[in-house]
Amino acid sequence: PYPSGAIHMGHVRNYALGDVVARYKRARGFNVLHPMGWDAFGMPAENAAMERGVHPKGWTYDNIATMRAEPKRLGLSIDWSREIATCDPAYYGQQQRWFLKLLERGLVYRKEGVVNWDPVDNTVLANEQVIDGRGWRSGAIVEKRKLTQWFLRITDYADALLEGLGTLDRWPEKVRLMQENWIGRSQGLRFRFLFSTPAPHGFEEGLECYTTRPDTLFGAAFVGISPGHPLAERIAAADPKAAAFIAECARGGASEADIEAAPKLGYDTGLEVDHPFIDGERLRVWIANFILMDYGTGAIFGCPAHDQRDLDFARKYALPVRPVVLPSGADPDTFQVGHEAYTGPGKLFRSQFLDGLDIETAKAAAIGRIEEMGLGQGATVYRLRDWGVSRQRYWGCPIPVVHCQRCGVQHVPDDQLPVVLPEDVSFDRPGNPLLRHPTWRHVKCPSCGGEAERETDTLDTFVDSSWYFARFTAPDAAQPIDKAAADAWMPVDQYVGGIEHAVLHLLYSRFITRALKDEGMLSVAEPFAGLFTQGMVTHETYKVMADGRWVSPGEIEARDGKLVESTSGLPVEVGGIEKMSKSKKNVVAPEEIFDAYGVDAARLFVMSDSPPERDVQWTTGGVEGAWRFVHRVWNEFDSQPQTAPAKVAADVILADAGAKALLQATHRLIKSVTESIEGFRFNSGIARLYEFLNVLKAHPAATASPQGLAARHQALGVLARLIAPFTPHLAEEGWERIGGEGMVVLAPWPDYDAALAAEDELVLPIQVNGKRRGEIRVPVGSAEDEVKAIALADPDVQRHLEGLTVRKVIVVKDRIVNIVAA
RNA sequence: GCCCCAGUGGCGAAAUGGUAGACGCGGCAGACUCAAAAUCUGUUGUUCGUGAGGACGUGCUGGUUCGAGUCCGGCCUGGGGCACCA
């Protein structure tokens, strides 16, 4: 977790789910590494420093000290000897070590580029960190700025990351899909148009375009370039109108709505290029506002008939619209495109050597022809961009390089690592305190020994969280990763987290893992073999009707059947059910719940009321139900006689009908709870435990005899072990109460006896024409003929068969009987 | 616009193609109590019927099947992801 200072219900649910897995697997005899650490760098610490004058380091470590108590109180079975904090030089120093390795490998580079600038946090953001045009943390509208920044070459791994998704069969389909879309591979053609008009300086070789629809080249109506294209800049230098148009394009709003509403605009440059396939045909070159510079080559050819944007553009500037793909059944002489471009399947026409081909074949043929002509080749293009990791902030991992006027960028030598953050910094002004520090940045060049300057950018905190799992396997190693330890533990078998990291942390970690593998530091290509994305904890929201203020659940009460604010008595309306958040005040503090109901009830409730992958709505009634269950379970343990029951032979117990029934229920319980945990259906497993409690309570006979008492003792012993992953403290107390050996946390998971778990007798429903008309009791495994005879003889069934002729009787063994009659 | 997911009682939900609504919350009734709370017991999809029993029922609509909440086609609604990506 980020050490914000307090845990919230989302943490409780997240870690409770993970703890169930850890405790279950441990009981199953596995070695379990279940660690905890702090993602401790980042903006909130600096904000606290600016607002309250505290030091980010002190603030962070104080928060860690406060927060550490909570997982302990929750009873999470964590190995605290492996605890790490990413703001510890012992951690980030090792990060600097591997960062330099990647720099040597060419996976880190520095370039000037247009970047996303968050004006509130005063720093740069990666593409993945811009959500709907806003900073992922600050929510501020992101601006474009030209800056020199450090980048990690994630695009080198675009293909590997895409292919690797296919191996992650224990990941949710949804997350794999999101990553696939984010990487966005497309196959197409990269080729040059040759100028028919005199080529502008620097473009003598032609103008390079990228397309995924080379099959539609015969429908080309124009060539378009992005306002940011070098050719556009060159033209603007000599043409004030072009310059004005480009400036106009840059002014448009950055929000989605603005982009969507923006009309297609173009500027006719007067330049023309040759159509590669049609002799004498020329295409006009336009600067167009809808063409992106950072995808493909920043230049396209427009085929209005088969691309909606090109069509909009063509209609506006009265350019020809020539269909070249004919839908099946359409008449080639009359087929036209109106306001909607045709993007569906069909056969090529009006396209010379492509005529009659289907789209895929035509693409290959067009690419082949362009390649023969030496104008270009088939190409793969990705939507994924390199990962900008520079942050102009103090509280982050320093980038371990030195800038020397004479020698350029120099690595900080290994014996001078870690580059430690200076502590004497001030936050009285905006901007990066490292830049203002009087001495820290001034160092000698490691190469020439002359005056040089440290890099003052720090790393994106997502770098810190992209390898911590490997560090956990040997948290004190003198090198970043102890390979033997990592080989023993990695990959992570079960990762539990929120969906919000689908294209952030989960993609970065996959990239860094692959990069470190190529560096020889890790053996696995994928960090997380199993991923589970849990749902959020939600709560109703409450709003004072009079003034629209949000009020918290603790500030309201029911008076005369109506909700009012306690202090003012003003009526309150119930709003939507939303993720717990401070802004909506629909937060329930875990500590208060622990105090009121105990941690076991809190753990139980967040897992019992919804499937783990779905959101769970926090309700007082719900947690009280869990709390009642805890008490009722304890009552069952507590009502067992203090003295251990006399030893009773197994066959004697089974001879007692009541005792046998209880043992059968017990073994069925083991089977179903085990399957529920294995399948991550914890809510169903908990429902089975509730059910079993009702069975246990409804068994008065079980205590009346030595056999009954012995059966009950066995049942309670099983129950203690089965509830242990969910409510560990209750399990421990119950286990001790009935004289269990040692601690239940160390007890092996119970195995079920298949014979006992099986039913002896079944109630089979009998259907007549698909409607249930009766039921019969038959022994398990009864022969089809026997069941058929009993079913047909059943009075209820006979009543419904009156006047009908039985055509067919379907007997599904031990399941159902359906009589088809007419 | 493209892609994905989900629609089941008053609510959260359960159901390898085989008794829809387990379990919990809430409601109702009863026991205990002077009373209330807590606790315990029973009951609780809708509807017709005094009852036995019947009809209807998993967003809508077709289909496959002896049998569909579950599989297939079309649609509606809600949620999420991506988005001028050529």
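In what follows, every chain begins at residue 1, and chains take the letters A, B, ... in the order their sequences are listed. The structure displayed is predicted, hence computed values, not measured ones.
- Within 4.0 Å (heavy atoms only), A/Leu292 reaches at least one base atom of the nucleic acid.
- Salt bridge absent: A/Asp312 and A/Arg309 never bring a charged side-chain N and a carboxylate O closer than 4.0 Å.
- A/Asp159 and A/Tyr382 are linked by a side-chain donor-acceptor pair at a separation below 3.5 angstrom, with hydrogens and angles left out of the test.
- Within the nucleic acid shown, A/Asp310 has no heavy atom closer than 4.0 Å to any nucleic acid atom.
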Protein-nucleic acid N or O pairs under 3.5 Å, nucleotides 8-10 of chain B:
none

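- A/Arg190 comes within 4.0 angstrom of no nucleic acid atom, judged by non-hydrogen atoms across all strands.
- Counting non-hydrogen atoms under 4.0 angstrom, A/Val812 reaches a base of the nucleic acid.
- Nucleic acid contact class of A/Arg185 (heavy atoms, under 4.0 Å, all strands): none.
- A donor N or O paired with an acceptor N or O is found under 3.5 Å between the base of B/C66 and the side-chain atoms of A/Asn818.
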Sub-3.5 Å pairs of nitrogen or oxygen atoms, protein against nucleotides 58-60 of chain B:
none

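- Under the 4.0 Å criterion applied to side-chain N and carboxylate O atoms, A/Arg681 and A/Glu678 are not assigned as salt-bridge partners.
- Among the protein residues, A/Glu691 comes within range of the sugar-phosphate backbone only, with heavy atoms under 4.0 Å from sugar or phosphate atoms but none that close to a base.
- A/Glu578 and A/Lys584 are joined by a salt bridge, as a carboxylate oxygen and a charged side-chain nitrogen come within less than 4.0 angstrom of each other.
- A/Glu340 CD: 12 or fewer foreign heavy atoms inside a 6.0 Å radius.
- Centroid-to-centroid, the aromatic rings of A/Phe692 and A/Tyr690 stay 6.0 Å apart or farther.
- Across the C1' atoms, B/C60 and B/G7 are found 11 Å apart, a figure rounded to whole Å.
- Checking A/Asn683 against A/Ser608 by side-chain atom types alone, no donor-acceptor pair falls below 3.5 Å.
- Taking each heavy atom of A/Pro304 and A/Pro320 in turn, the nearest pair found is CG-O, 3.7 Å.
- Taking only distance into account, the side chain of A/Arg815 meets the base of B/U16 through a donor-acceptor pair shorter than 3.5 Å.
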